[in-house]
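Structure first, then comments.
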Amino acid sequence: MWNAVLVLSFAALLAQPVMAMEYYVSVAGSDNNPGTSDARPLKTISRAAQLAAPGDTVHVAPGTYTGRVMPARSGEKGKPITFQKDGEG
């Protein structure tokens with residue numbers, strides 16, 4: 001009986017929707033930052049692409065960014081990974 005309760009409890013946890021993350025990138029940031037707020041942004045679009053998962057948005061502040069961007073994963077149907085320009089520039 002306890003096995004059935006445990007399995008049902010675990011299944012309920014897996015069914016919970018995962019909140020989409022918002023990542024922030026700025027030329028003044030650091031890839032040691034969490035990148036989850038504009039107060040502590042990542043430095044490279046590449047690092048944000050490695051962290052982003054389906055449904056996430058990456059906000060990119062104005063600036064010149066160099067390097068190769070190779071996302072670690074793809075979006076899913078209805079849950080794209082979005083890269084969005086923030087600010088003017």
Side-chain angles (χ1 to χ4, degrees):
M1 173 158 159
W2 285 107
N3 288 343
V5 172
L6 182 61
V7 168
L8 289 175
S9 297
F10 185 69
L13 285 174
L14 291 177
Q16 295 294 319
V18 176
M19 299 274 300
M21 296 291 295
E22 306 261 336
Y23 292 101
Y24 296 83
V25 179
S26 169
V27 293
S30 168
D31 281 348
N32 292 320
N33 286 341
T36 53
S37 75
D38 60 356
R40 299 198 57 213
L42 298 165
K43 183 173 186 72
T44 63
I45 299 170
S46 180
R47 179 65 179 140
Q50 292 296 310
L51 295 172
D56 291 352
T57 300
V58 177
H59 300 272
V60 182
T64 301
Y65 299 89
T66 60
R68 183 176 291 209
V69 177
M70 298 182 67
R73 60 197 62 79
S74 298
E76 297 173 356
K77 184 176 182 179
K79 294 170 60 176
I81 298 173
T82 305
F83 291 81
Q84 175 178 309
K85 176 186 106 163
D86 278 359
E88 297 297 317

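If you read the sequence from its start, that first residue is 1, and numbering goes on from there. On a predicted model such as this, the values are computed, not experimentally measured, just so you know.
- For the atom pair Thr57 OG1 and Tyr23 OH, the distance stands at 11.0 Å (nearest 0.5 Å).
- Asp31 contributes a side-chain N or O that, together with a main-chain N or O of Lys43, makes up a donor-acceptor pair within less than 3.5 Å.
- The two residues Gly87 and Pro62 have their closest heavy-atom pair at C-CG, 4.1 Å.
- For the pair Ser26 and Asp38, the minimum side-chain heavy-atom distance is 4.5 Å or more.
- To the nearest 0.5 angstrom, Ser30 atom OG is 10.0 Å from Arg47 atom CZ.
- Between the side chain of Gln50 and the backbone N or O of Met70 there is at least one donor-acceptor pair closer than 3.5 Å.
- With a 4.5 Å cut-off on side-chain heavy atoms, Arg73 and Pro54 count as touching.
- Two residues are said to be in side-chain contact when any heavy atoms from C-beta on lie closer than 4.5 Å; Tyr24 and Thr36 fail this criterion.
- Between the OG1 atom of Thr44 and the CZ atom of Arg68 there is a distance of 14.0 Å, given to the nearest 0.5 Å.
- At least one side-chain heavy atom of Leu51 sits under 4.5 Å from a side-chain heavy atom of Leu42.
- A continuous path of hydrophobic side-chain contacts links Val69 to Met21 [ILVMFWY only; heavy atoms under 4.5 Å].
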Apply side chain to side chain contact (heavy atoms under 4.5 Å, CB included) to residues Val27 and Tyr65 and explain how you reach the verdict.
CA-CA 7 Å; Val27 293; Tyr65 299 89; 3.7 Å; yes
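- Proximity of Val58 to Val25: side-chain heavy atoms (C-beta onward) are separated by under 4.5 Å at one or more points.
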